[in-house]
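One is the number of the first residue; the rest follow in order along the sequence. All heavy atoms count here, side chains included; hydrogens, waters and symmetry mates do not.
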Amino acid sequence: MATSPLSVTSKPPSVTRLRHQRPPLTPVRVSAAAVTTTTGMPDHHHPSLEITGGGADRFLPAFNTLHLHYKPFPIIGWNRHLETIFAAFFRTVPEVKYRRECLRTQDNGTIALDWVYGDHRSLPSDSPILILLPGLTGGSQDSYVKHMLAKAKSKGWRVVVFNSRGCANSPVTTPQLQTASFTADTCHVVDHVSSRYPIASIYAVGWSLGGNILVNYLGREHHRCSLSGAVSLCNPFNLVIADENLRKGFNNIYDRALRGGLSRTFEKHASLFEEMHDEYNVQEGLNPRTVREYDEAITRVSLGYKSVDEYYSNSCSCHVVQHVRIPLLCIQAANDPIAPIEATPYSDIKDNPNCMLIVTPQGGHLGWVAGDDAPFGAPWTDNVVIEFLEHLQKNASKLE
(Lines give C-alpha, C1' and ligand atoms only; values in the text may rest on other atoms or scores of the structure.)
Protein backbone atom coordinates (compact mmCIF):
# COMPACT_ATOMS: atom_id res chain seq x y z
CA MET A 1 0.00 0.00 0.00
CA ALA A 2 1.27 3.48 -0.77
CA THR A 3 1.79 6.14 1.85
CA SER A 4 0.19 9.56 1.78
CA PRO A 5 -0.39 12.46 4.19
CA LEU A 6 -2.31 11.24 7.22
CA SER A 7 -4.41 14.04 8.61
CA VAL A 8 -7.52 12.22 9.76
CA THR A 9 -8.72 12.11 13.33
CA SER A 10 -8.73 9.01 15.50
CA LYS A 11 -12.51 8.77 15.64
CA PRO A 12 -13.97 5.85 13.62
CA PRO A 13 -16.07 6.87 10.65
CA SER A 14 -19.83 6.65 11.05
CA VAL A 15 -21.71 3.78 9.43
CA THR A 16 -25.26 3.50 8.27
CA ARG A 17 -26.08 0.08 9.69
CA LEU A 18 -25.72 0.05 13.46
CA ARG A 19 -27.40 -3.14 14.55
CA HIS A 20 -24.44 -3.79 16.83
CA GLN A 21 -23.70 -0.21 17.81
CA ARG A 22 -22.37 -0.35 21.34
CA PRO A 23 -24.87 0.62 24.04
CA PRO A 24 -24.04 3.16 26.74
CA LEU A 25 -21.67 1.35 29.08
CA THR A 26 -19.84 2.19 32.24
CA PRO A 27 -16.37 1.13 31.18
CA VAL A 28 -13.71 -0.21 33.49
CA ARG A 29 -10.63 2.00 33.66
CA VAL A 30 -7.56 -0.05 34.49
CA SER A 31 -4.75 1.84 36.18
CA ALA A 32 -1.55 0.95 37.95
CA ALA A 33 -3.13 1.72 41.30
CA ALA A 34 -6.42 -0.12 41.12
CA VAL A 35 -9.28 -1.23 38.95
CA THR A 36 -12.05 1.32 39.27
CA THR A 37 -15.21 2.27 37.45
CA THR A 38 -15.22 5.60 35.70
CA THR A 39 -17.08 7.49 33.02
CA GLY A 40 -14.11 9.71 32.17
CA MET A 41 -12.72 9.76 28.66
CA PRO A 42 -9.16 8.54 27.96
CA ASP A 43 -6.42 10.93 26.88
CA HIS A 44 -3.16 10.44 25.02
CA HIS A 45 -1.04 10.55 28.17
CA HIS A 46 -2.91 8.09 30.38
CA PRO A 47 -5.53 6.39 28.23
CA SER A 48 -7.79 3.84 29.82
CA LEU A 49 -8.83 0.42 28.66
CA GLU A 50 -12.49 -0.42 28.32
CA ILE A 51 -13.20 -3.87 29.70
CA THR A 52 -16.53 -5.65 29.63
CA GLY A 53 -18.04 -9.09 29.07
CA GLY A 54 -19.86 -11.72 31.04
CA GLY A 55 -16.55 -13.40 31.87
CA ALA A 56 -14.61 -10.22 32.80
CA ASP A 57 -14.70 -10.78 36.57
CA ARG A 58 -13.73 -14.40 36.04
CA PHE A 59 -10.73 -13.65 33.81
CA LEU A 60 -9.37 -10.36 35.21
CA PRO A 61 -7.12 -12.15 37.76
CA ALA A 62 -5.18 -13.55 34.78
CA PHE A 63 -3.70 -10.21 33.80
CA ASN A 64 -0.75 -8.22 35.03
CA THR A 65 -0.45 -6.11 31.88
CA LEU A 66 -3.93 -4.61 32.32
CA HIS A 67 -2.86 -2.97 35.58
CA LEU A 68 -0.45 -0.77 33.63
CA HIS A 69 -1.42 2.28 31.60
CA TYR A 70 -1.85 1.71 27.88
CA LYS A 71 0.80 4.04 26.46
CA PRO A 72 0.76 4.40 22.66
CA PHE A 73 4.15 5.17 21.18
CA PRO A 74 4.44 8.94 20.63
CA ILE A 75 3.16 10.25 17.28
CA ILE A 76 2.98 6.78 15.65
CA GLY A 77 0.42 5.54 18.13
CA TRP A 78 -1.71 8.68 18.02
CA ASN A 79 -2.97 8.28 14.47
CA ARG A 80 -4.78 5.13 13.43
CA HIS A 81 -3.61 5.17 9.81
CA LEU A 82 0.00 5.93 10.64
CA GLU A 83 0.02 3.17 13.25
CA THR A 84 -1.56 0.62 10.90
CA ILE A 85 0.85 1.37 8.07
CA PHE A 86 3.90 1.61 10.33
CA ALA A 87 3.20 -1.81 11.88
CA ALA A 88 2.68 -3.37 8.44
CA PHE A 89 5.97 -2.13 6.98
CA PHE A 90 8.39 -1.45 9.82
CA ARG A 91 7.69 -3.99 12.57
CA THR A 92 10.52 -6.49 12.97
CA VAL A 93 10.03 -10.06 11.74
CA PRO A 94 11.41 -12.75 14.09
CA GLU A 95 13.39 -15.58 12.51
CA VAL A 96 11.31 -18.75 12.47
CA LYS A 97 11.97 -22.03 10.70
CA TYR A 98 8.86 -23.97 9.74
CA ARG A 99 8.02 -27.55 8.92
CA ARG A 100 5.04 -27.65 6.53
CA GLU A 101 2.29 -30.25 6.66
CA CYS A 102 -0.45 -30.33 4.02
CA LEU A 103 -3.85 -31.76 4.86
CA ARG A 104 -6.33 -33.04 2.29
CA THR A 105 -9.98 -32.18 3.01
CA GLN A 106 -13.13 -34.11 2.17
CA ASP A 107 -13.79 -31.92 -0.87
CA ASN A 108 -10.24 -32.63 -2.11
CA GLY A 109 -9.00 -29.21 -0.99
CA THR A 110 -5.61 -28.59 0.63
CA ILE A 111 -4.75 -26.86 3.91
CA ALA A 112 -1.18 -25.92 4.80
CA LEU A 113 -0.08 -26.12 8.44
CA ASP A 114 3.28 -24.59 9.36
CA TRP A 115 4.72 -26.08 12.55
CA VAL A 116 7.77 -24.67 14.30
CA TYR A 117 10.69 -26.79 13.11
CA GLY A 118 12.11 -29.13 15.74
CA ASP A 119 9.29 -28.83 18.27
CA HIS A 120 8.01 -32.31 17.44
CA ARG A 121 11.28 -33.67 18.84
CA SER A 122 12.03 -31.26 21.67
CA LEU A 123 8.65 -30.72 23.33
CA PRO A 124 6.75 -33.30 25.41
CA SER A 125 3.52 -34.65 23.98
CA ASP A 126 1.40 -32.88 26.60
CA SER A 127 2.77 -29.39 25.85
CA PRO A 128 -0.10 -26.93 25.27
CA ILE A 129 -0.72 -26.17 21.60
CA LEU A 130 -1.54 -22.82 20.02
CA ILE A 131 -3.15 -22.64 16.56
CA LEU A 132 -2.71 -19.27 14.83
CA LEU A 133 -5.19 -17.97 12.22
CA PRO A 134 -3.82 -14.98 10.22
CA GLY A 135 -5.96 -12.33 8.55
CA LEU A 136 -7.15 -11.90 4.97
CA THR A 137 -4.45 -13.18 2.54
CA GLY A 138 -2.11 -13.44 5.56
CA GLY A 139 -0.03 -16.40 6.62
CA SER A 140 2.90 -17.76 8.54
CA GLN A 141 5.25 -15.17 7.04
CA ASP A 142 3.54 -12.16 8.65
CA SER A 143 5.30 -10.25 11.42
CA TYR A 144 2.38 -10.22 13.86
CA VAL A 145 2.05 -14.01 13.47
CA LYS A 146 5.74 -14.62 14.07
CA HIS A 147 5.84 -12.35 17.12
CA MET A 148 2.98 -14.24 18.76
CA LEU A 149 4.60 -17.51 17.78
CA ALA A 150 7.92 -16.47 19.34
CA LYS A 151 6.20 -15.36 22.55
CA ALA A 152 4.28 -18.62 22.93
CA LYS A 153 7.33 -20.71 22.04
CA SER A 154 9.35 -18.96 24.76
CA LYS A 155 6.75 -20.20 27.26
CA GLY A 156 7.15 -23.82 26.15
CA TRP A 157 4.09 -23.97 23.92
CA ARG A 158 3.84 -25.90 20.67
CA VAL A 159 2.69 -23.55 17.88
CA VAL A 160 1.22 -24.17 14.44
CA VAL A 161 0.04 -21.65 11.83
CA PHE A 162 -3.17 -22.51 10.01
CA ASN A 163 -2.78 -21.02 6.53
CA SER A 164 -6.16 -20.74 4.84
CA ARG A 165 -6.53 -22.08 1.30
CA GLY A 166 -4.24 -20.29 -1.10
CA CYS A 167 -2.41 -18.30 1.58
CA ALA A 168 1.33 -18.43 2.33
CA ASN A 169 2.01 -20.15 -1.01
CA SER A 170 -0.04 -23.16 -0.01
CA PRO A 171 -1.16 -25.51 -2.80
CA VAL A 172 -4.66 -25.02 -4.19
CA THR A 173 -6.41 -28.13 -5.48
CA THR A 174 -10.06 -26.99 -5.70
CA PRO A 175 -11.76 -23.77 -6.87
CA GLN A 176 -12.05 -22.34 -3.35
CA LEU A 177 -9.76 -19.88 -1.58
CA GLN A 178 -9.92 -18.23 1.84
CA THR A 179 -13.44 -17.32 2.98
CA ALA A 180 -14.94 -15.70 6.08
CA SER A 181 -17.61 -18.27 6.83
CA PHE A 182 -16.33 -21.71 5.83
CA THR A 183 -15.77 -23.47 9.18
CA ALA A 184 -15.22 -26.98 7.80
CA ASP A 185 -11.49 -26.34 7.34
CA THR A 186 -11.16 -25.10 10.92
CA CYS A 187 -12.95 -28.22 12.16
CA HIS A 188 -10.56 -30.33 10.11
CA VAL A 189 -7.48 -28.58 11.48
CA VAL A 190 -8.58 -28.76 15.12
CA ASP A 191 -9.55 -32.43 14.76
CA HIS A 192 -6.22 -33.22 13.13
CA VAL A 193 -4.17 -31.46 15.79
CA SER A 194 -6.24 -33.14 18.52
CA SER A 195 -5.63 -36.56 17.01
CA ARG A 196 -1.87 -35.97 16.80
CA TYR A 197 -1.60 -34.74 20.39
CA PRO A 198 -4.54 -36.31 22.25
CA ILE A 199 -3.32 -35.42 25.76
CA ALA A 200 -2.47 -31.78 25.05
CA SER A 201 -4.74 -28.77 25.61
CA ILE A 202 -5.34 -26.80 22.41
CA TYR A 203 -5.98 -23.07 22.07
CA ALA A 204 -6.35 -20.70 19.11
CA VAL A 205 -5.67 -17.06 18.27
CA GLY A 206 -7.10 -15.30 15.21
CA TRP A 207 -6.47 -11.85 13.76
CA SER A 208 -8.81 -9.76 11.60
CA LEU A 209 -10.60 -12.10 9.16
CA GLY A 210 -8.88 -15.00 10.93
CA GLY A 211 -10.56 -13.79 14.12
CA ASN A 212 -13.91 -13.78 12.35
CA ILE A 213 -13.30 -17.31 11.07
CA LEU A 214 -12.30 -18.46 14.56
CA VAL A 215 -15.34 -16.98 16.31
CA ASN A 216 -17.62 -18.40 13.62
CA TYR A 217 -16.11 -21.81 14.38
CA LEU A 218 -16.53 -21.36 18.15
CA GLY A 219 -20.17 -20.35 17.81
CA ARG A 220 -21.34 -22.62 15.01
CA GLU A 221 -19.45 -25.70 16.15
CA HIS A 222 -19.82 -25.21 19.91
CA HIS A 223 -21.30 -28.69 20.27
CA ARG A 224 -18.07 -30.29 18.97
CA CYS A 225 -15.39 -27.67 19.68
CA SER A 226 -12.40 -29.27 21.42
CA LEU A 227 -10.44 -26.06 22.04
CA SER A 228 -9.77 -25.07 25.64
CA GLY A 229 -9.74 -21.33 24.96
CA ALA A 230 -9.41 -18.74 22.20
CA VAL A 231 -8.49 -15.12 21.46
CA SER A 232 -9.89 -12.90 18.70
CA LEU A 233 -8.03 -9.70 17.76
CA CYS A 234 -9.24 -6.80 15.57
CA ASN A 235 -12.16 -8.94 14.40
CA PRO A 236 -14.44 -7.15 11.90
CA PHE A 237 -17.38 -9.11 13.44
CA ASN A 238 -20.04 -7.62 11.12
CA LEU A 239 -18.87 -7.85 7.51
CA VAL A 240 -21.74 -5.72 6.22
CA ILE A 241 -20.58 -2.78 8.34
CA ALA A 242 -16.91 -3.54 7.65
CA ASP A 243 -17.54 -3.59 3.89
CA GLU A 244 -19.25 -0.20 3.98
CA ASN A 245 -16.48 1.21 6.16
CA LEU A 246 -13.67 -0.12 3.96
CA ARG A 247 -14.84 1.93 0.98
CA LYS A 248 -14.89 5.30 2.77
CA GLY A 249 -12.29 8.05 2.54
CA PHE A 250 -8.71 7.11 3.36
CA ASN A 251 -9.80 3.52 4.05
CA ASN A 252 -9.77 3.01 0.28
CA ILE A 253 -6.01 2.53 0.59
CA TYR A 254 -6.60 -0.63 2.64
CA ASP A 255 -9.27 -1.82 0.24
CA ARG A 256 -6.78 -1.38 -2.61
CA ALA A 257 -4.05 -3.29 -0.77
CA LEU A 258 -6.34 -6.17 0.22
CA ARG A 259 -7.91 -6.63 -3.20
CA GLY A 260 -4.40 -6.57 -4.68
CA GLY A 261 -3.42 -9.48 -2.43
CA LEU A 262 -6.61 -11.35 -3.33
CA SER A 263 -6.17 -10.90 -7.08
CA ARG A 264 -2.50 -11.94 -6.97
CA THR A 265 -3.40 -15.14 -5.16
CA PHE A 266 -6.29 -15.78 -7.52
CA GLU A 267 -4.11 -15.23 -10.58
CA LYS A 268 -1.91 -18.18 -9.60
CA HIS A 269 -4.90 -20.52 -9.60
CA ALA A 270 -7.32 -18.93 -12.08
CA SER A 271 -7.22 -22.00 -14.34
CA LEU A 272 -9.09 -24.01 -11.68
CA PHE A 273 -11.97 -21.53 -11.84
CA GLU A 274 -11.98 -21.21 -15.62
CA GLU A 275 -12.87 -24.88 -15.91
CA MET A 276 -15.95 -24.43 -13.74
CA HIS A 277 -19.44 -23.22 -14.67
CA ASP A 278 -20.08 -19.73 -16.01
CA GLU A 279 -21.03 -18.15 -12.66
CA TYR A 280 -17.43 -17.27 -11.86
CA ASN A 281 -16.35 -13.95 -13.31
CA VAL A 282 -12.70 -14.81 -13.77
CA GLN A 283 -11.73 -11.53 -15.43
CA GLU A 284 -13.16 -9.49 -12.58
CA GLY A 285 -11.43 -11.80 -10.12
CA LEU A 286 -8.13 -11.01 -11.82
CA ASN A 287 -8.71 -7.24 -11.91
CA PRO A 288 -11.17 -6.24 -9.16
CA ARG A 289 -11.49 -2.58 -8.23
CA THR A 290 -12.48 -3.42 -4.63
CA VAL A 291 -12.54 -6.37 -2.23
CA ARG A 292 -16.31 -6.35 -2.66
CA GLU A 293 -15.99 -6.84 -6.43
CA TYR A 294 -13.62 -9.75 -5.90
CA ASP A 295 -15.98 -11.40 -3.41
CA GLU A 296 -18.90 -10.91 -5.82
CA ALA A 297 -16.98 -12.47 -8.69
CA ILE A 298 -15.30 -15.36 -6.86
CA THR A 299 -15.85 -15.91 -3.13
CA ARG A 300 -19.64 -15.88 -2.89
CA VAL A 301 -19.87 -18.19 -5.95
CA SER A 302 -17.56 -20.79 -4.40
CA LEU A 303 -19.82 -20.89 -1.33
CA GLY A 304 -23.09 -20.96 -3.27
CA TYR A 305 -24.43 -17.55 -2.23
CA LYS A 306 -26.65 -15.63 -4.64
CA SER A 307 -25.02 -12.26 -3.92
CA VAL A 308 -22.05 -10.76 -2.11
CA ASP A 309 -24.45 -9.15 0.37
CA GLU A 310 -25.85 -12.57 1.26
CA TYR A 311 -22.28 -13.85 1.72
CA TYR A 312 -21.33 -10.97 4.01
CA SER A 313 -24.55 -11.18 6.02
CA ASN A 314 -24.15 -14.92 6.60
CA SER A 315 -20.45 -14.65 7.47
CA CYS A 316 -20.75 -12.25 10.42
CA SER A 317 -19.27 -13.78 13.56
CA CYS A 318 -21.23 -11.23 15.65
CA HIS A 319 -24.30 -13.42 15.11
CA VAL A 320 -22.81 -16.43 16.91
CA VAL A 321 -20.93 -14.92 19.88
CA GLN A 322 -23.89 -15.83 22.09
CA HIS A 323 -23.26 -19.53 21.37
CA VAL A 324 -19.56 -19.60 22.36
CA ARG A 325 -19.05 -22.14 25.16
CA ILE A 326 -15.32 -21.88 25.87
CA PRO A 327 -13.27 -18.97 27.30
CA LEU A 328 -12.95 -16.28 24.61
CA LEU A 329 -10.99 -13.04 24.87
CA CYS A 330 -11.73 -10.37 22.26
CA ILE A 331 -9.38 -7.40 21.85
CA GLN A 332 -10.39 -4.46 19.66
CA ALA A 333 -8.99 -0.99 19.03
CA ALA A 334 -11.51 1.84 19.30
CA ASN A 335 -9.89 3.58 16.31
CA ASP A 336 -9.48 0.54 14.04
CA PRO A 337 -9.99 1.72 10.42
CA ILE A 338 -10.69 -1.78 9.05
CA ALA A 339 -12.59 -3.48 11.89
CA PRO A 340 -14.84 -0.59 13.04
CA ILE A 341 -15.73 -0.61 16.72
CA GLU A 342 -19.41 -0.09 15.83
CA ALA A 343 -19.51 -3.67 14.56
CA THR A 344 -18.47 -5.17 17.91
CA PRO A 345 -21.36 -7.14 19.50
CA TYR A 346 -21.11 -5.56 22.95
CA SER A 347 -24.42 -6.87 24.24
CA ASP A 348 -23.79 -10.50 23.31
CA ILE A 349 -20.27 -10.40 24.76
CA LYS A 350 -21.62 -8.85 27.96
CA ASP A 351 -24.34 -11.51 28.23
CA ASN A 352 -22.02 -14.48 27.62
CA PRO A 353 -20.25 -15.68 30.81
CA ASN A 354 -17.47 -17.17 28.67
CA CYS A 355 -16.50 -13.93 26.93
CA MET A 356 -14.39 -10.90 27.78
CA LEU A 357 -13.76 -7.79 25.68
CA ILE A 358 -10.85 -5.37 25.95
CA VAL A 359 -11.00 -2.16 23.90
CA THR A 360 -7.87 -0.04 23.60
CA PRO A 361 -8.29 3.68 22.77
CA GLN A 362 -5.61 3.47 20.06
CA GLY A 363 -4.11 0.60 18.11
CA GLY A 364 -5.21 0.96 14.51
CA HIS A 365 -5.53 -2.35 12.66
CA LEU A 366 -2.96 -5.01 13.57
CA GLY A 367 -0.96 -2.20 15.11
CA TRP A 368 -0.97 -1.72 18.89
CA VAL A 369 2.39 0.04 18.75
CA ALA A 370 2.63 0.47 22.51
CA GLY A 371 4.40 -0.95 25.54
CA ASP A 372 8.01 -1.90 26.20
CA ASP A 373 8.59 -3.42 22.75
CA ALA A 374 7.38 -0.39 20.78
CA PRO A 375 7.81 0.80 18.15
CA PHE A 376 9.51 -2.01 16.21
CA GLY A 377 8.88 -5.02 18.44
CA ALA A 378 5.89 -7.16 19.33
CA PRO A 379 2.40 -5.63 19.52
CA TRP A 380 1.15 -4.62 22.98
CA THR A 381 -1.50 -7.32 22.73
CA ASP A 382 0.97 -10.23 22.75
CA ASN A 383 1.60 -10.09 26.50
CA VAL A 384 -2.13 -9.80 27.20
CA VAL A 385 -2.89 -12.82 25.03
CA ILE A 386 -0.19 -14.95 26.65
CA GLU A 387 -1.31 -14.02 30.17
CA PHE A 388 -4.86 -15.07 29.31
CA LEU A 389 -3.82 -18.37 27.72
CA GLU A 390 -1.40 -19.28 30.51
CA HIS A 391 -4.13 -18.56 33.06
CA LEU A 392 -6.47 -20.96 31.25
CA GLN A 393 -3.75 -23.60 30.95
CA LYS A 394 -2.81 -23.30 34.62
CA ASN A 395 -6.40 -23.80 35.67
CA ALA A 396 -6.81 -26.69 33.23
CA SER A 397 -3.75 -28.40 34.74
CA LYS A 398 -5.23 -28.07 38.23
CA LEU A 399 -8.34 -29.92 37.13
CA GLU A 400 -6.40 -32.88 35.70
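- Legend: residues meeting ring pair (Phe, Tyr, Trp, His ring centres under 6.0 Å) with Tyr312, ordered by chain and number and at least two apart, are absent.
- For His222 against Arg325, the heavy-atom pair with the smallest separation is CB-CG, 4.0 Å.
- Salt-bridge formation is not detected for the pair Asp119/Arg99: no Lys NZ or Arg NE/NH1/NH2 atom is positioned less than 4.0 Å from an Asp or Glu carboxylate oxygen.
- In this structure, Asn212 contributes its side chain and Ser315 its backbone to a donor-acceptor pair below 3.5 Å.
- Under a cut-off of 6.0 angstrom, the local environment of CG in Asp57 is sparse, with at most 12 non-hydrogen atoms contributed by other residues, nucleotides or ligands.
- Residues that satisfy the side chain to side chain donor-acceptor pair (under 3.5 Å) test with Asn108, not counting sequence neighbours, are Arg104.
- Cluster annotation: Phe90 is connected to Ile253 through the hydrophobic network of ILVMFWY side chains, with a link wherever side-chain heavy atoms come within less than 4.5 Å.
- Between Lys248 and Glu244, none of the side-chain N atoms (NZ, or NE/NH1/NH2) sits under 4.0 Å from a carboxylate O, so this pair counts as no salt bridge.
- The shortest side-chain heavy-atom distance between Ile349 and Thr344 falls under the 4.5 Å cut-off.
- Here the CG atom belonging to Leu246 is positioned 6.0 Å from the CG atom belonging to Leu258, to the nearest 0.5 angstrom.
- Here Thr299 contributes atom OG1 and Arg292 contributes atom CZ; the two are 12.0 Å apart, rounded to the nearest 0.5 Å.
- Side-chain contact between Ile358 and Cys330: absent, with no pair of heavy atoms (C-beta onward) separated by less than 4.5 Å.
- The pair Glu279-Lys306 fails the salt-bridge criterion, with no side-chain N (NZ, NE, NH1 or NH2) lying under 4.0 Å from an Asp/Glu carboxylate O.
- With hydrogens and angles disregarded, no donor-acceptor distance shorter than 3.5 Å links the side chain of His188 to the backbone of Ile111.
- Once rounded to the nearest 0.5 Å, the distance linking CZ of Arg259 with CG of Asp255 reads 7.5 Å.
- Distance CD1/Ile338 to OG1/Thr84: 6.0 Å, rounded to 0.5 Å.
- Taking OG from Ser232 and CG from Leu328, the interatomic distance works out to 6.5 Å, rounded to the nearest 0.5 Å.
- Considering Asn163, Leu103, Val161 in turn, Leu103 is the only one that fulfils the side-chain contact (heavy atoms from CB on, under 4.5 Å) rule with Leu113.
- Side-chain contact between Leu132 and Leu149 is present, with heavy atoms from C-beta onward closer than 4.5 Å.
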Enumerate donor-acceptor pairs with a distance under 3.5 Å from any side-chain N or O in residues 264-273 to protein atoms, sequence neighbours excluded.
residue, atom, partner, partner atom, Å
Arg264, NH1, Gly260, O, 3.4
Thr265, OG1, Gly261, O, 3.1
Lys268, NZ, Asn169, OD1, 3.2

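- Ring geometry, Trp380 versus Tyr70: the interplanar angle exceeds 60°, so the pair is classed perpendicular (tilted spans 30 to 60°).
- Leu262 has its side chain within reach of Leu136: a pair of non-hydrogen atoms, C-beta onward, lies under 4.5 Å apart.
- Distance alone, capped at 3.5 Å, places no donor-acceptor pair between the Glu50 side chain and the Val359 backbone.
- For Tyr117, there are no ring pair (Phe, Tyr, Trp, His ring centres under 6.0 Å) partners two or more places apart in sequence or in a different chain.
- Looking only at atom types and distance, the side chain of Gln362 has no donor-acceptor partner in the side chain of Trp78 under 3.5 Å away.
- A salt bridge links Arg165 to Asp107: at least one charged side-chain nitrogen sits closer than 4.0 Å to a carboxylate oxygen.
- Annotation for Cys187 and Tyr217: closest pair SG-CE1, 3.7 Å, computed over non-hydrogen atoms.
- Scanning for side-chain contact (heavy atoms from CB on, under 4.5 Å) contacts around Ser208 gives Cys234, His365, with sequence neighbours left out.
- The closest side-chain donor-acceptor pair between Asn235 and Ser317 falls under 3.5 angstrom.
- In this structure Phe388 satisfies the ring pair (Phe, Tyr, Trp, His ring centres under 6.0 Å) test together with Phe59, sequence neighbours excluded.
- Residues Trp368 and Glu83 come closest through the heavy atom pair N-OE2, 3.3 Å.
- Taking each heavy atom of Pro379 and Gly367 in turn, the nearest pair found is CB-O, 3.8 Å.
- Remark: the backbone N or O of Val324 is paired with a side-chain donor or acceptor of Asn354 at under 3.5 angstrom.
- Under the 3.5 Å distance criterion, the side-chain polar atoms of Ser313 are left unmatched by any main-chain donor or acceptor of Asp309.
- Geometrically, Arg91 does not engage Phe86 in a cation-pi contact, judged by NZ or CZ lying under 6.0 Å from the ring centre and within 45° of the ring axis.
- Residues Cys102 and Thr110 come closest through the heavy atom pair CB-CG2, 4.0 Å.
- By the neighbour-count criterion of 12 heavy atoms within 6.0 Å, atom CZ of Arg289 is sparsely surrounded, having that number or fewer from other residues, nucleotides or ligands.
- Taking the six-membered ring where the residue is Trp, the centroids of Phe63 and His391 are separated by 6.0 Å or more.
- Side-chain atoms of Val116 and Lys97, non-hydrogen and from C-beta on, never get closer than 4.5 Å to each other.
- The backbone N or O of Thr137 sits less than 3.5 Å from a side-chain atom of Gln178, completing a donor-acceptor pair.
- Remark: the backbone N or O of Ser140 is not paired with any side-chain donor or acceptor of Asp114 at under 3.5 angstrom.
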- Determine, step by step, whether Glu101 and His192 satisfy the side-chain hydrogen bond (donor to acceptor under 3.5 Å, both in side chains) criterion, reporting the C-alpha distance in whole Å, the side-chain angles of both residues, the deciding distance to 0.1 Å, and the verdict. CA-CA 11 Å; Glu101 177 184 20; His192 173 75; 2.8 Å; yes

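- Looking only at distances, no side-chain donor or acceptor of Arg196 sits under 3.5 Å from a matching main-chain atom of Asp191.
- For the pair Tyr144/Leu233, no side-chain contact is recorded, criterion being any heavy-atom separation below 4.5 Å from C-beta on.
- Side-chain polar atoms of Thr65 and Glu387 form a donor-acceptor pair below 3.5 angstrom.
- Counting heavy atoms from C-beta outward, Tyr280 and Ile298 have side chains that approach closer than 4.5 Å.
- A side-chain donor-acceptor contact under 3.5 Å links Thr92 to the backbone of Phe376.
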- Item | Criterion side-chain hydrogen bond (donor to acceptor under 3.5 Å, both in side chains) on Tyr311 and Glu296, from CA distance to verdict | CA-CA 9 Å; Tyr311 163 57; Glu296 172 64 44; over 6 Å; no

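- Taking CG from Asp295 and OG1 from Thr179, the interatomic distance works out to 9.5 Å, rounded to the nearest 0.5 Å.
- At least one donor-acceptor pair under 3.5 Å links the side chain of Ser307 to the backbone N or O of Glu310.
- Among all heavy-atom pairs drawn from Leu392 and Gly229, the shortest one is CD1-CA, 3.8 Å.
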